[in-house]
Amino acid sequence: MIAKVIVDVAANQTDRVFDYIVPDEFRETIAPGARVTVSFGPRKVQGFVTGLDEQSNYSSKKLKELENLIDLKPPLTKELLFLAEWIKNDTLSFHISVLKSMLPAAMRAKYDKKLTLVSKEMLSKLPETIKPFFEDGKTLDSWEEWRKKAAEDEKKDMMKAVRQELVEVTPLVKTNETKKKQLVVRSALSKEELKAVLDDFPSKAAKQKALLSYFYDNVQEDVRVVISELMEQAGVSRQTVQELVNKEYLLKEEQVVSRDPFEGRTFASSSPLPLMDEQEEALTPVIDSIVEERHTTFLLRGVTGSGKTEVYMQAIDQVIRKGKEAIVLVPEISLTPQMVTRFKERFGSRVAVLHSALSKGEKYDEWLKIREGKVDVAVGARSAIFAPFENLGIIIIDEEHETSYKQEETPRYHARQVAIKRGEIYNCPVILGSATPSLESYARAKKGVYHLLTMENRVNHVQMPEVTLVDMREELREGNRSMFSRELLEGIEARFKKKEQTVLFLNRRGYSTFIMCRDCGYVAQCPHCDISLTYHRYNQSLQCHYCGHSETIPSICPECQSDSIRFFGTGTQKVEEELLKLFPDLSVIRMDVDTTRKKGAHERLLKQFGEGKADVLLGTQMIAKGLDFPDITLVGVLAADSMLHLPDFRSAERTFQLLTQVSGRAGRHTKKGEVMVQTYTPDHYSIIDVKAHDYLSFFEKEMSVRRQGGYPPYYFLALIHVSDERLDQVISVSEKIASFLNRSLSKQTMVYGPVASAIPRIKDRYRYQCMVKYKVEPKLTEALQEIIKTYQGEMARTGLSITIDTNPYTML
DNA sequence: AGCACGCCGACT
DNA sequence: GTCGGCGTGCTC
């Protein structure tokens with residue numbers, strides 16, 4: 001029997017199946033999708049079995065046997081294997097990269113080496129430095145671990161000993177999918193025996209006696225007690241427990257526990273809520289599609305607060321009743337406890353949550369629940385689209401316009417496309433939900449490719465908040481040079497007095513965005529990136545948000561020695577400070593990357609705000625979604641046009657989506673909400689249409705801009721990005737690529753560039769790009785593959801990097 | 001990707 | 001004469 005194996009070596013020449021003989025012992029259990037370890041050339045690697053066959057086309061005498069079968073039950077289903085193939089072709093990725101990204105991190109291979117002395121006689125030949133590691137038959141079990149703490153000369157001597165064949169190297173392939181274990185004890189004696197022992201137990205060992213009588217009184221025979229709990233309850237020390245274990249009255253064991261990230265939290269149960277007419281109308285065709293087992297992609301456009309989640313949940317209900325499973329994707333940042341709680345309340349323990357805040361081990365456990373069929377619903381961010389269900393009944397993508405569904409590393413897949421593919425395979429519906437659908441999706445819905453569902457009204461007829469546009473040019477003209485308009489300040493003060501809450505949004509962290517010398521115009525730049533440094537006040541530093549470079553602020557200008565260094569631009573830190581200057585009694589919670597870096601900080605800050613412990617929540621992007629608190633009646637957007645002028649064709653769309661999203665935070669309950677949008681371009685359609693809550697108007701205008709510019713959804717794009725430390729190399733390679741594309745592609749296809757990227761240098765690497773715009777281009781894949789083939793050698797040898805994105809979401 | 005094989009320069 | 005540079009090719 002032959003196994004077709006994709007090995008874990010991401011390179012062009014190894015991106016194909018290799019045949020291995022399946023040893024008899026694995027014949028019964030091996031199956032496509034299983035991980036194996038194989039010897040590949042001189043080393044040992046992990047691989048995935050993609051198929052089994054009786055014969056091999058390869059000259060069979062040279063075939064090797066596969067070394068080990070890792071999985072009795074393959075972690076990848078047949079369908080996921082098929083899907084991987086599709087993604088690999090679509091994104092031009094290596095097969096192995098796609099397969100690996102479908103598994104939780106804990107199941108991906110870890111490579112290490114074990115070092116053993118070839119024979120006892122060799123010990124005397126070893127240099128003194130490394131002798132101790134092999135004395136008395138010892139071995140070095142982990143090269144990686146050892147290398148971290150070993151001295152330089154020790155490492156050198158060790159490598160020399162390997163070369164001289166005194167020490168043998170065994171490659172190891174590991175994973176860290178370990179189950180969490182805890183130590184437990186149980187009584188070794190029956191109740192009668194225990195009674196007998198207790199009766200003549202030496203009274204001077206009072207603690208031990210107490211512990212035994214605790215067992216006698218409280219613990220049934222054969223029941224295991226966790227040692228740490230036992231210590232607490234019986235009031236004894238670890239020493240006492242160990243003493244009784246040594247005397248063999250108690251037996252110590254390891255017990256596997258399933259990590260439950262929601263341990264100790266109870267969830268009230270909820271039942272389906274009565275639906276409003278619009279919700280009912282949206283749900284009906286979805287239910288039909290579930291019942292008829294027909295694949296349809298639905299685009300559900302529902303304004304914020306229109307009850308999309310309830311529609312999702314009732315559709316899932318139907319799916320579960322049919323004995324099928326559901327995947328719900330949400331953007332990472334809105335995978336908040338609030339959101340998770342709603343699903344837990346409705347579907348109880350039948351939900352697995354795949355969350356970036358979980359540890360590797362916890363994620364693995366959640367994944368395993370899916371694979372073992374212990375749950376019917378998986379809720380998670382992008383990668384949850386690979387949840388290994390085998391009988392999918394629905395896939396839901398909430399906030400479908402979110403850019404986080406596009407993976408920005410290889411494989412550069414878009415979860416929406418993968419979802420639709422899986423929907424086709426399982427003949428099940430896919431719901432794309434959003435208040436502000438992506439232009440691509442809405443255009444497809446209008447063309448009838450997707451089935452459009454619309455919900456224009458908020459549940460319980462809560463009104464949409466009133467949006468006021470504040471022209472900051474006007475403020476400036478009237479002498480207000482601060483970042484707050486008078487209107488916004490009045491608004492904040494009024495809420496403060498009424499004990500209502502305000503949310504302030506500014507998409508820039510740090511204190512000020514750049515520092516400049518007023519005399520000579522010098523601007524502090526990152527030495528490694530072509531970007532200005534941001535001033536962070538708390539540690540008096542200038543930081544680069546791209547490479548993390550940090551330096552102290554100059555007190556005099558390094559160029560002209562003047563002391564006229566000034567701070568420009570406003571970040572969240574400065575807003576916080578200014579706000580407190582104006583209202584000293586106001587309490588403000590600031591949420592940005594800097595305050596939420598620590599695990600659990602995000603949740604903690606939101607909880608505090610939800611409990612009314614602050615008057616103002618000030619934050620970046622991350623507060624735009626998912627927060628739903630009854631006392632928020634004012635939302636202020638400090639700089640609405642901050643992302644409007646970015647050199648990216650989606651910037652207007654993003655601005656509209658973000659502003660709409662932020663506005664949706666106000667007045668979601670009984671109190672009416674108000675939104676104030678400060679802007680320097682109050683006439684721009686993306687801002688006017690936010691005020692009018694008019695998605696359709698925005699859609700039409702933006703579509704015509706896209707048509708004129710030749711951008712999606714009218715054209716497809718492909719972006720080729722070249723980077724290297726050597727500028728001349730970057731330019732020459734990207735020019736060759738552009739001219740090659742011009743030669744190979746059809747006349748109607750347009751090749752732009754090469755041009756320097758919007759940030760021409762990051763981390764000392766120069767960045768150029770070429771863009772391809774096309775409607776139909778059958779030769780594109782071939783041409784792009786040709787580029788990879790041409791430069792793969794150079795990319796492997798030098799620092800040259802070429803990335804190709806066949807569906808770019810950002811030009812930056 | 002790693003690693004061996006292989007063919008040309010400056011050194012014990 | 002050899003050690004070592006990195007170009008080329010292979011891995012079932």
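Proteins get letters first, then strands, A, B, ... in listed order; numbering begins at 1 in each.
Taking the centre and axis of the six-membered ring of Tyr809(A), the NZ or CZ atom of Arg650(A) falls inside the cone set by 45° and 6.0 Å.
Read 5' to 3', the first and last nucleotides of DNA chain C with an atom closer than 4.0 Å to a heavy atom of chain A are dC10(C) to dC12(C).
Ala796(A) meets the side-chain contact (heavy atoms from CB on, under 4.5 Å) test with no other residue; sequence neighbours excluded.
Within a heavy-atom distance below 4.0 Å of DNA chain C, no residue of residues 2-11 of chain A is found. Contacts between residues 32-42 of chain A and DNA chain C, defined by a heavy-atom separation under 4.0 Å, are made by Ser39(A), Phe40(A), Gly41(A).
The pair Asp724(A)-Arg765(A) does not meet the salt-bridge criterion, since no charged nitrogen lies less than 4.0 angstrom from a carboxylate oxygen.
Screening residues 10-22 of chain A for salt bridge (Lys or Arg N to Asp or Glu O under 4.0 Å), with sequence neighbours left out, gives Lys4(A)-Asp19(A). Listed by first and then second residue, the salt bridge (Lys or Arg N to Asp or Glu O under 4.0 Å) pairs involving residues 40-51 of chain A are Lys44(A)-Glu67(A) (not counting sequence neighbours).
When the C1' atom of dA1(B) is taken as reference, atom CG of Asp15(A) falls 12 Å away, rounded to whole Å. Following rounding to the nearest Å, Lys113(A) (NZ) and dA1(B) (P) show an atom-to-atom distance of 16 Å. If you measure from atom CD of Gln792(A) to atom P of dA1(B), you get 8 Å, rounded to the nearest angstrom.
Here the shortest heavy-atom pairing between Arg412(A) and Lys406(A) reads O-CE, 3.2 Å.
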